[in-house]
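Everything below concerns the one structure shown next.
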Amino acid sequence: MNIRDIEPHLAAIRDKTLREVEIPEEAIDEIDFEKPPDPEMGDLAIPCYALAPHLKKPPPEIAEQLAERLEATAEDDDSDSGLIGTICPNGPYVNITLAPSRLADVVVTDALDRERFGGDVVETSEHWMIEYSAPNTNKPQHLGHVRNDLLGESVATLAEFGGHDVERVNLINDRGIHICKSMVAYQIDGERETPDEAGLKGDHFVGHYYVRFNELIDDEYDEWKSTDEAEREFRDWVEREREADRLPDELGEQEPQIREAFFESFRDNYFNDYSELGERARDMLQRWEEGDDEVLELWETMNGWVLDGFDETYERLGVEFDHVYYESNTYELGREIVEQGLEAGLFERLDDGAVAFDLEEVGLDDRKILLRSDGTTVYMTQDLGTAMQRFEAYDLDQMIYVVGDEQDYHFDVLFRILAELEPELEGKLHHLSYGMVDLPEGKMKSREGKVVDADDLMDEMHDLAEDAVRDRYETLDEDEIERRAERIGLAALTYHVLDYNPRTNVQFDPEESIDFQGRTGPYCLYSYARIQSIGRRVGGWPDLDGEARAEALQALGTDREMEVVRHLRNWPDRIEEAVRDLDPSEITEYVFELSQSFSSLYNDPDHRIVDLEGPRRDGLLLLARAVGRTLETALDLIGIDVLEEM
RNA sequence: GAUCCCGUAGCUCAGUCGGACAGAGCAUCGGGUUCCUAACCCGAAGGUCGGAGGUUCAAAUCCUCCCGGGAUCACCA
């Protein structure tokens with residue numbers, strides 16, 4: 001018997017008993033085991049509410065009688081080999097407690113022997129593709145990107161461990177007006193300077209010019225605000241607002257504020273209609289699309305710098321991809337699909353030549369443009385194209401996009417259009433939507449340089465960890481300090497970021513930084529390191545099997561030991577849940593709980609392994625070893641590398 | 001204006017496909033080391049689950065309305 005046989009085994013006994021009292025099959029199907037709120041009550045519970053209508057008795061009475069019958073059925077069943085400890089009614093529930101020593105034997109044996117303990121739990125193995133990161137190449141990554149990177153990487157690793165076949169994909173947004181902004185600023189300000197000369201990482205170097213461009217635009221805009229053109233735009237707007245009764249006839253003392261609000265909202269219009277720098281950036285984009293050599297060369301150079309920078313960041317974060325695509329290559333994909341859809345009558349051509357999809361056909365409002373009137377593609381076109389291409393090339397069962405929740409609507413529309421184009425894709429598309437990371441003062445803004453930079457943050461975590469390591473050791477090899485500081489710092493960051501449910505909007509306070517104490521990555525690493533320390537102290541883990549091992553494991557049974565055992569038992573179920581929900585925070589929670597239950601045991605005077613002897617000592621050593629193995633696996637799934645010593 | 005997400009302890013968050021007394025970490029207060037790493041352990045205090053109705057044997061969880069915060073509704077990405 002192993003862990004995953006326990007529940008089916010008990011379910012068989014339960015169902016057999018229910019049949020004896022003539023509960024209809026469909027009612028039996030409805031009944032699932034629940035987990036009692038307190039382990040004191042038992043390991044599994046059968047709620048009896050649903051049986052009340054069939055037996056015409058109050059649930060507590062049913063529970064009492066059912067418990068007796070279950071006991072009888074279990075006694076007759078010889079496949080059980082003493083797994084069930086007690087069966088007792090408790091109000092409307094029947095609680096089943098498993099025999100401690102037997103449970104410890106089954107669970108720890110599984111945890112020690114199984115090649116991938118907790119892995120390969122999904123019902124059917126599927127082919128998944130997960131797209132994440134998808135950065136723009138005009139600026140370095142910030143904490144928001146880190147959340148995306150870590151989420152995507154972790155979900156991919158989780159899905160693989162759960163038993164799926166996974167393709168990790170990055171689609172790099174290397175074209176568009178935002179890149180041209182950095183390029184224009186570079187032409188104006190930074191001719192011939194390179195990241196090396198500036199002593200900066202390539203992505204930071206280019207990001208500097210992106211910020212610079214926005215400063216230049218701000219200056220230009222401020223100057224423009226006092227021109228006659230600006231005044232005319234303002235007056236026209238005021239006129240329109242008055243007609244719509246949104247402004248009074250006389251602005252009076254309010255005028256300066258109203259004026260300021262107008263110019264704030266007019267910023268994009270200014271950029272598109274009046275700005276010389278805007279003109280220059282758009283002109284550059286135009287020339288890029290025409291294949292202008294000079295522009296292409298600058299573009300390639302600057303993109304190269306950024307991508308080199310990204311590679312460093314990815315490597316440090318432990319993020320990897322199987323396939324990397326570039327929008328400069330894929331932005332035309334989809335044009336053909338749209339044209340086919342047009343012929344098939346799915347889309348319509350508007351009077352000005354643009355192609356649109358009528359969203360009312362899928363229950364939404366308005367329409368979505370798929371090809372501009374000048375024939376060029378939009379974001380949606382590309383997403384349609386890449387999706388169709390991927391399903392064809394990889395025969396996917398599931399395509400998952402890890403993208404922020406501000407794009408919920410985009411993906412809703414994308415999936416509906418895809419389902420119209422190819423009904424088979426229905427249910428195979430998923431947007432893993434996650435909340436924003438905000439600072440105490442509000443949103444991060446790259447264009448204003450108000451961000452928590454990914455590389456800086458990793459450096460800070462490293463430094464904090466380094467201080468902590470130095471505090472603890474008077475003499476330690478410098479390389480070793482570096483190695484530990486890096487792992488501990490990254491563990492703290494990774495754990496912190498993944499410990500939120502993905503949909504949660506996270507508030508991150510850079511001042512308060514990230515803790516190393518309590519529910520944190522370092523805490524979990526520490527638990528692991530202490531377990532390894534026990535192994536070293538006793539001169540290596542005992543190599544027991546067969547009878548000797550069974551005897552050792554069956555010597556376990558105290559409350560503290562059983563709490564650890566119960567957590568181990570939950571591991572495969574937890575993986576199943578985390579994969580189903582695409583939620584690494586299930587794993588961060590698990591790692592903490594397992595670490596915590598072991599820490600309690602570790603600190604208890606009655607469970608000091610070095611003070612014990614005989615089978616109980618061996619049993620505890622095997623339990624510690626099993627926890628260590630499971631921690632290592634679990635931490636790996638959230639991208640954290642363990643340390644043998646801390 | 002419409003649609004979507006969120007509102008739980010002083011703070012940051014779990015719990016939201018209905019079930020047993022609403023949980024954790026941090027912060028606060030009190031305790032623990034002649035002993036395997038104190039990045040630890042044990043304990044205390046802290047909550048009208050935004051509000052009001054409703055459905056149900058049972059609601060933080062489902063439905064309706066209201067209040068508050070965020071996002072989205074481009075021939076941008």
Side-chain angles (χ1 to χ4, degrees), chain A residues 34 36-38 41 45 47 49-50 52-53 58-59 90-93 95 134 136 173 175-178 268 272 327 331 350 352-356 359 364-383 404-410 412-413 433 435-436 438 442-443 465 468-469 471-473 488 492 496 499-501 503-509 512 515-527 529-538 581 585-586 588-589 592-593 595-596 599-605 607-611 620-621 624 645-646:
Chain A
E34 284 178 16
D38 181 350
M41 295 172 165
Y49 305 100
N90 185 337
Y93 294 88
N95 291 332
N136 290 350
N173 185 1
R175 67 176 279 276
I177 196 77
H178 49 275
D268 284 350
N272 290 323
E327 286 199 9
Y331 76 105
L350 306 179
D352 62 5
V355 177
L359 291 173
L364 297 172
D365 289 334
D366 217 351
R367 62 183 189 216
K368 179 73 205 172
I369 296 291
L370 301 176
L371 283 178
R372 295 193 187 97
S373 50
D374 65 5
T376 55
T377 58
V378 293
Y379 183 42
M380 187 63 80
T381 325
Q382 169 183 254
D383 272 0
D405 61 10
E406 76 246 340
Q407 293 198 40
D408 284 356
Y409 183 71
H410 171 80
D412 191 13
V413 171
S433 163
M436 296 290 99
D438 294 331
K443 289 189 68 138
V469 172
D471 280 350
R472 285 171 174 75
Y473 294 92
I488 295 165
H496 182 83
D499 195 29
Y500 293 86
N501 183 308
R503 70 159 180 274
T504 308
N505 284 319
V506 176
Q507 219 202 79
F508 183 81
D509 190 342
E512 290 185 12
D515 281 332
F516 286 7
Q517 262 127 44
R519 180 167 164 158
T520 66
Y523 174 93
C524 300
L525 284 184
Y526 184 62
S527 293
R530 288 205 300 196
I531 289 170
Q532 300 315 303
S533 166
I534 295 171
R536 286 190 299 272
R537 171 69 187 249
V538 300
D581 298 341
S585 74
E586 294 279 355
T588 57
E589 183 183 34
F592 176 65
E593 287 172 352
S595 298
Q596 204 178 33
S599 282
S600 286
L601 178 136
Y602 180 93
N603 272 278
D604 185 75
H607 290 86
R608 289 182 48 76
I609 293 175
V610 291
D611 293 347
L620 271 169
L621 282 170
E645 279 183 84
M646 254 175 100

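All of these numbers come straight from a predicted model, not from anything done at the bench. Note on naming: letters A, B, ... go to the chains in the order of the sequence lines (proteins, then strands), and numbering restarts at 1 for each one. Just so it is clear, the values below take in all heavy atoms, side chains as well, and ignore hydrogens, waters and symmetry mates.
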Regarding [X], tell me which of base, sugar-phosphate or nothing describes its non-hydrogen contacts under 4.0 Å with the strands shown.
{"X": "M646(A)", "result": "base"}
{"X": "Q507(A)", "result": "sugar-phosphate"}
{"X": "A45(A)", "result": "base"}
{"X": "N501(A)", "result": "sugar-phosphate"}
{"X": "L525(A)", "result": "nothing"}
{"X": "P92(A)", "result": "nothing"}
{"X": "V506(A)", "result": "sugar-phosphate"}
{"X": "Y500(A)", "result": "sugar-phosphate"}
{"X": "R519(A)", "result": "sugar-phosphate"}
{"X": "V610(A)", "result": "base"}
{"X": "P522(A)", "result": "base"}
{"X": "Y523(A)", "result": "sugar-phosphate"}

Using a cutoff of under 3.5 Å, can you pull out all pairs of nitrogen or oxygen atoms linking the protein to nucleotides 1-9 of chain B, with atom names and distances?
unit_1: C6(B); atom_1: OP1; unit_2: R503(A); atom_2: NE; d: 3.3

Roughly, in whole Å, what's the span from [atom1] in [X] to [atom2] in [N]?
{"X": "Y379(A)", "N": "U72(B)", "atom1": "OH", "atom2": "P", "value": "13 Å"}
{"X": "D38(A)", "N": "C21(B)", "atom1": "CG", "atom2": "C1'", "value": "10 Å"}
{"X": "D383(A)", "N": "A74(B)", "atom1": "CG", "atom2": "P", "value": "17 Å"}
{"X": "K443(A)", "N": "A71(B)", "atom1": "NZ", "atom2": "C1'", "value": "8 Å"}
{"X": "Q517(A)", "N": "A24(B)", "atom1": "CD", "atom2": "P", "value": "19 Å"}
{"X": "L620(A)", "N": "C36(B)", "atom1": "CG", "atom2": "P", "value": "16 Å"}
{"X": "I534(A)", "N": "C36(B)", "atom1": "CD1", "atom2": "P", "value": "11 Å"}

(request) Tell me which of A50(A) and Y409(A) sits closer to the 5' end of RNA chain B, going by the nucleotide each one is nearest to. (result) A50(A)

(request) Using heavy atoms to find the nearest nucleotide of RNA chain B for S373(A) and V469(A) separately, return the residue whose nucleotide is more 5′. (result) V469(A)

If we take the [atom1] atom in both [N] and [M], what is their distance in whole Å?
{"N": "G15(B)", "M": "U28(B)", "atom1": "P", "value": "27 Å"}
{"N": "U61(B)", "M": "A77(B)", "atom1": "C1'", "value": "37 Å"}
{"N": "A58(B)", "M": "C6(B)", "atom1": "C1'", "value": "26 Å"}
{"N": "G53(B)", "M": "C67(B)", "atom1": "C1'", "value": "15 Å"}
{"N": "G51(B)", "M": "G7(B)", "atom1": "C1'", "value": "11 Å"}
{"N": "C49(B)", "M": "A2(B)", "atom1": "P", "value": "29 Å"}
{"N": "A9(B)", "M": "G23(B)", "atom1": "C1'", "value": "10 Å"}
{"N": "A60(B)", "M": "A52(B)", "atom1": "P", "value": "13 Å"}

(request) Would you indicate whether the side-chain heavy atoms of V355(A) and L350(A) approach each other to under 4.5 Å? (result) no

(message) Would you say that Q596(A) contacts R519(A) through its side chain, given a criterion of any heavy-atom pair below 4.5 Å between the two side chains?
(response)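 The answer is no, as the side chains (C-beta and beyond) never meet within the 4.5 Å cut-off.
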
When rounded to the nearest 0.5 angstrom, what distance separates [atom1] in [X] from [atom2] in [Y]?
{"X": "T381(A)", "Y": "Y331(A)", "atom1": "OG1", "atom2": "OH", "result": "12.0 Å"}
{"X": "S585(A)", "Y": "D499(A)", "atom1": "OG", "atom2": "CG", "result": "7.0 Å"}
{"X": "S433(A)", "Y": "Q407(A)", "atom1": "OG", "atom2": "CD", "result": "9.5 Å"}
{"X": "L364(A)", "Y": "Y409(A)", "atom1": "CG", "atom2": "OH", "result": "5.0 Å"}

Under 4.0 Å between a side-chain N or O of [X] and OP1 or OP2 of [N]?
{"X": "Q596(A)", "N": "G25(B)", "result": "yes"}
{"X": "Y602(A)", "N": "C42(B)", "result": "no"}
{"X": "N173(A)", "N": "C76(B)", "result": "no"}
{"X": "R536(A)", "N": "C36(B)", "result": "no"}

Using modelled atom types only, decide if a donor and an acceptor are shared between the side chain of [X] and the backbone of [Y] within a distance under 3.5 Å.
{"X": "D604(A)", "Y": "S600(A)", "result": "no"}
{"X": "D412(A)", "Y": "D408(A)", "result": "no"}
{"X": "D374(A)", "Y": "T376(A)", "result": "yes"}

(message) Just to be sure I understand: a Watson-Crick pair is purine N1 to pyrimidine N3 plus N6-O4 or O6-N4, both under 3.5 Å. Using that and G-U wobbles, which stems of three or more pairs involve RNA chain B?
(response)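 For RNA chain B the paired stretches long enough to count as stems (3 pairs minimum) are B:1-7 with B:67-73, B:10-13 with B:23-26, B:28-32 with B:40-44, B:50-54 with B:62-66.
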
If I compare all heavy atoms of [X] with all of [Y], which pair ends up nearest, and what's the gap?
{"X": "I534(A)", "Y": "L621(A)", "result": "CG2-CD2, 3.8 Å"}
{"X": "M380(A)", "Y": "V413(A)", "result": "CE-CG1, 3.6 Å"}
{"X": "G518(A)", "Y": "Y523(A)", "result": "O-CB, 3.0 Å"}

(request) Look at the side chain of R530(A) and decide which nucleotide, out of A20(B), C40(B), G15(B), has an atom nearest to it. (result) C40(B)

(message) From C-beta outward on D366(A), which listed nucleotide comes closest to its side chain: A74(B), A77(B), C57(B)?
(response) A74(B)

Is it true that [Y] and [X] share a donor-acceptor pair across their side chains at a distance under 3.5 Å?
{"X": "E645(A)", "Y": "Y473(A)", "value": "no"}
{"X": "R372(A)", "Y": "T377(A)", "value": "no"}
{"X": "H410(A)", "Y": "D383(A)", "value": "yes"}

Find every protein N or O atom lying less than 3.5 Å from an N or O atom of nucleotides 30-33 of chain B, and list the pairs.
none

(message) Any donor-acceptor pair, under 3.5 Å, between the side chain of N95(A) and the base of A20(B), if you only look at N and O atoms?
(response)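 Such a pair exists between side chain and base.
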
